[in-house]
Amino acid sequence: MVTTRIAPSPTGDPHVGTAYIAIFNYVWAKKNGGRFIVRIEDTDRQRYVPGAEERILAMLHWLGLDYDEGPDTGGPHGPYRQSERLELYRRYAEILLERDWAYRAFETPEELERIRREKGGYDGRARNIPKAEAEARARAGEPHVIRLKVPRPGTIEVHDALRGLVRYDSAEIPDVVLLKSDGFPTYHLANVVDDHLMGVTDVIRGEEWLVSTPIHVLLYQAFGWDVPKFYHLPLLRAPGGAKLSKRTGHTSVDHYREEGILPEALRNYLSLMGFSMPDGREVFTLSEMVEAFSWDRVSLGGPVFDWEKLVWMNGKYIREVLTLDELAERVKPFMTEAGLTWPSEDYLRRVLELMRPRFETLKEFPQKAIYFFQDDFDYEAKAQKEIAKGAALLRELKEKLANLPDFSQAYTEPLIKAFAEESGKKLRHVMQPLRAAITGRLATPGMYEMLEVLGKETVIRRIERALALVES
RNA sequence: GGCCCCAUCGUCUAGCGGUCAGGACACCGCCCUCUCAAGGCGGAGACGGGGGUUCAAUUCCCCCUGGGGUCACCA
């Protein structure tokens, strides 16, 4: 059975890169009827951020990337948190020691820094410590690490399913630390041990891992385990071209959520970073992607994360994919955030219907539709001018509107059109002052629809207020 | 810098020896129109360079160039 996993480390905000890699892991597992696992790589207690794990898991659920096994859902291969598996790593490091695939090293961080400066990297000097002596020092409690004993000379072959065979000279592979002096494993040891124990068959991860893959291959060989398939995906890039990072762009999925990006749109957009549908369709669901997925449709160039296109995609979902009811639910938190309330569910939906083609992020909705929900909105400078210019017309029009039985389009449209004609004005010269008066701005949905939604009372009140404003 | 990966419009990409090099975002124009959008139609815009292989290269191979990654007791 195909088993994939993502192995995020809880060191900060939930990263879009994690989401991106998660999509491909999820899709490949589902495509094969396999399992998708989440494993938390919390072996760095320096960088550990409380709450980060919960936020990463929440992000995955938010994006619809539900996993079969994970730290909160459990599963047959738990625990799924590396800090809870320390004994395991110690035991396997021990095995490596016994098989002469690893050795104990006693240099202090300061010494290592000096060696690095002088030799350009660790030179493997602790290999020369007689085994008995090393064991004795360890038993005496001397702090030390366990390092991989890279066989040299030699070559290590890494098969990447997307790039083919990559050969490494073992002289280029350092004797990396496997078990730190605090008893925690490094990524290299923990990831190999866990992937094996958890039955991971396909390792899909970021390209940043490609050059350390020979280390992992060596470990699989040392343990005598099957080597999984590797797929190294290109890294998300910032507009400059460098890998997307906190320094070069917004990396937190929470940031995009707060900006009013829909999970479906983010997921869809991220999928497009490397994957394309056979028919060229750009808007598609997760399960449609599972259906159509194949590795030869994945491109290897580092994709630049483009906020503009994400926003377009988001708008596409807002106006074409979500139902009106769904949209209403999505928009509510942003209404509340903006301090706006809505008189009824029906009213909110009617406004949404008018505004749908006019906003692209959820956050924009309260800003652009504020006049539908409260009276004391600001008048833009241009709107004020328009009101002043059309004040006389507005006074007349107000009287006529006030005589209408109600503000359905059947009444307002003929009246306004007739009014314009009688006044000898072009329709727009009537519309713009009216628009400015009742919304405070010059760009809004269609007039008749708006009048109907706002209602007679509100409209008359606003015209009066607008006139008062320019008269003062 | 060493090693590794990558390379089609500004951006995301299709292409898998013979195509007018296609689509999407952004941009420009037109249509629709009470404004703004949305939508429709049209436009501009790319195969980094040099060698090969081949009747024929965007496509296959090599070199260069460019970009990226990585060189921790971080992942």
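In what follows, chains are A, B, ... by sequence order, proteins preceding strands, each numbered from 1. All figures in this text were calculated on a predicted structure; none of them were measured in a lab.
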_Just to verify, what does A/Thr248 make a side chain to side chain donor-acceptor pair (under 3.5 Å) with, not counting sequence neighbours?_
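Here the qualifying residues are A/Ser245.
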
Does NZ or CZ of [X] fall inside the cone over [Y]'s six-membered ring, less than 6.0 Å from its centre and within 45° of the axis?
{"X": "A/Arg465", "Y": "A/Phe377", "result": "yes"}
{"X": "A/Arg147", "Y": "A/Tyr122", "result": "yes"}
{"X": "A/Arg5", "Y": "A/Phe36", "result": "no"}

What integer distance in Å separates [X]:[atom1] from [N]:[atom2]?
{"X": "A/Leu270", "N": "B/U13", "atom1": "CG", "atom2": "P", "answer": "12 Å"}
{"X": "A/Leu178", "N": "B/A75", "atom1": "CG", "atom2": "P", "answer": "12 Å"}
{"X": "A/Arg117", "N": "B/G1", "atom1": "CZ", "atom2": "P", "answer": "23 Å"}
{"X": "A/Ile438", "N": "B/C34", "atom1": "CD1", "atom2": "P", "answer": "16 Å"}
{"X": "A/Gln409", "N": "B/C34", "atom1": "CD", "atom2": "C1'", "answer": "11 Å"}
{"X": "A/Arg435", "N": "B/C34", "atom1": "CZ", "atom2": "P", "answer": "10 Å"}
{"X": "A/Arg281", "N": "B/A14", "atom1": "CZ", "atom2": "C1'", "answer": "15 Å"}
{"X": "A/Gln384", "N": "B/U35", "atom1": "CD", "atom2": "P", "answer": "22 Å"}

Determine which nucleotide pairs with [N], using a 3.5 Å limit on both distances of a Watson-Crick or G-U wobble pair.
{"N": "B/C3", "result": "B/G69"}
{"N": "B/C60", "result": "B/G52"}
{"N": "B/A37", "result": "none"}
{"N": "B/A24", "result": "B/U11"}
{"N": "B/A46", "result": "none"}

Say we look at [N] and [M]: how far apart would their [atom1] atoms be, to the nearest angstrom?
{"N": "B/C64", "M": "B/A24", "atom1": "P", "answer": "39 Å"}
{"N": "B/G39", "M": "B/G48", "atom1": "P", "answer": "32 Å"}
{"N": "B/U59", "M": "B/G40", "atom1": "C1'", "answer": "35 Å"}
{"N": "B/G18", "M": "B/A56", "atom1": "P", "answer": "14 Å"}
{"N": "B/C31", "M": "B/C16", "atom1": "P", "answer": "39 Å"}
{"N": "B/C41", "M": "B/G23", "atom1": "P", "answer": "11 Å"}
{"N": "B/C20", "M": "B/G43", "atom1": "C1'", "answer": "16 Å"}
{"N": "B/C47", "M": "B/C9", "atom1": "P", "answer": "8 Å"}

Counting side-chain heavy atoms from C-beta on, which of [options] comes nearest to [X]?
{"X": "A/Arg163", "options": "B/C3, B/C34, B/C5", "value": "B/C5"}
{"X": "A/Met447", "options": "B/C34, B/C74, B/C5", "value": "B/C34"}
{"X": "A/Ser9", "options": "B/U35, B/A75, B/C3", "value": "B/A75"}

Provide a list of protein-nucleic acid N or O atom pairs under 3.5 angstrom, restricted to nucleotides 36-39 of chain B.
{"from": "B/C36", "atom 1": "O2", "to": "A/Arg358", "atom 2": "NE", "distance (Å)": "2.7"}
{"from": "B/C36", "atom 1": "O2", "to": "A/Thr444", "atom 2": "O", "distance (Å)": "3.4"}
{"from": "B/C36", "atom 1": "N3", "to": "A/Arg358", "atom 2": "NE", "distance (Å)": "3.3"}
{"from": "B/C36", "atom 1": "N3", "to": "A/Arg358", "atom 2": "NH2", "distance (Å)": "2.8"}
{"from": "B/C36", "atom 1": "N4", "to": "A/Arg358", "atom 2": "NH2", "distance (Å)": "3.4"}
{"from": "B/A37", "atom 1": "O2'", "to": "A/Pro357", "atom 2": "O", "distance (Å)": "2.4"}
{"from": "B/A38", "atom 1": "O4'", "to": "A/Pro357", "atom 2": "O", "distance (Å)": "3.4"}
{"from": "B/G39", "atom 1": "OP1", "to": "A/Arg319", "atom 2": "NH1", "distance (Å)": "3.4"}

What's [X] touching, base or sugar-phosphate or nothing? Going by heavy atoms closer than 4.0 Å.
{"X": "A/Tyr448", "value": "base"}
{"X": "A/Thr11", "value": "nothing"}
{"X": "A/Pro214", "value": "nothing"}
{"X": "A/Met273", "value": "sugar-phosphate"}
{"X": "A/Gly280", "value": "nothing"}

_Residue mapping more 5' on RNA chain B - nearest nucleotide basis, A/Phe305 or A/Tyr168_ =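 This one resolves to A/Tyr168.
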
*asked:* So, OP1 or OP2 of B/G15: does either fall under 4.0 Å of a side-chain N or O from A/Arg297?
replied: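 Yes, such a contact exists.
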
_A/Lys309 (side chain) and B/A26 (base): donor-acceptor pair under 3.5 Å_ =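 Counting by modelled atom types and ignoring angles, no donor-acceptor contact under 3.5 Å is found here.
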
*Taking the six-membered ring for Trp, are A/Trp295 and A/Tyr231 parallel (under 30°), tilted (30 to 60°) or perpendicular (over 60°)?*
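The rings of A/Trp295 and A/Tyr231 lie parallel, inter-plane angle below 30°.
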
_Distance flag, aromatic centroids of A/Phe334 and A/Phe365, threshold under 6.0 Å_ =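 Aromatic pair excluded; centres sit 6.0 Å or further apart.
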
*State plainly whether the residues A/Glu264 and A/Arg330 are in salt-bridge range, i.e. N to O under 4.0 Å.*
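Looking at A/Arg330 together with A/Glu264, the answer is yes, because their closest N to O distance falls below 4.0 Å.
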
*Under the salt bridge (charged side-chain N to carboxylate O under 4.0 Å, His left out) rule, collect the residues that match up with A/Arg55, sequence neighbours excluded.*
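For A/Arg55, the residues satisfying salt bridge (charged side-chain N to carboxylate O under 4.0 Å, His left out) (neighbours in sequence not counted) are A/Asp13, A/Asp254.
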
*Under the salt bridge (charged side-chain N to carboxylate O under 4.0 Å, His left out) test, which residues partner A/Asp279, sequence neighbours left out?*
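Only A/Arg281 meet the salt bridge (charged side-chain N to carboxylate O under 4.0 Å, His left out) criterion with A/Asp279.
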
*Before giving the answer on side-chain contact (heavy atoms from CB on, under 4.5 Å), spell out for A/Ile204 and A/Leu233 the whole-Å C-alpha distance, their side-chain angles and the decisive distance to 0.1 Å.*
CA-CA 7 Å; A/Ile204 302 164; A/Leu233 260 26; 3.8 Å; yes

*asked:* According to ring-ring contact (aromatic ring centres under 6.0 Å, His included), does anything in residues 159-189 of chain A pair up with another residue at least two apart or in another chain? List the pairs.
replied: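 Output for this query lists A/Tyr187-A/Trp209, A/Tyr187-A/His216, A/His188-A/His216.
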
*Below 4.5 Å, heavy atoms only, C-beta onward: do A/His144 and A/Ser181 meet side chain to side chain?*
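A side-chain contact under 4.5 Å is absent here.
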
*What string of B, S and - do you get for nucleotides 61-73 of chain B, 5' to 3', if B is base contact, S is sugar-phosphate-only contact and - is no contact with any protein heavy atom under 4.0 Å?*
------SSBS-SB

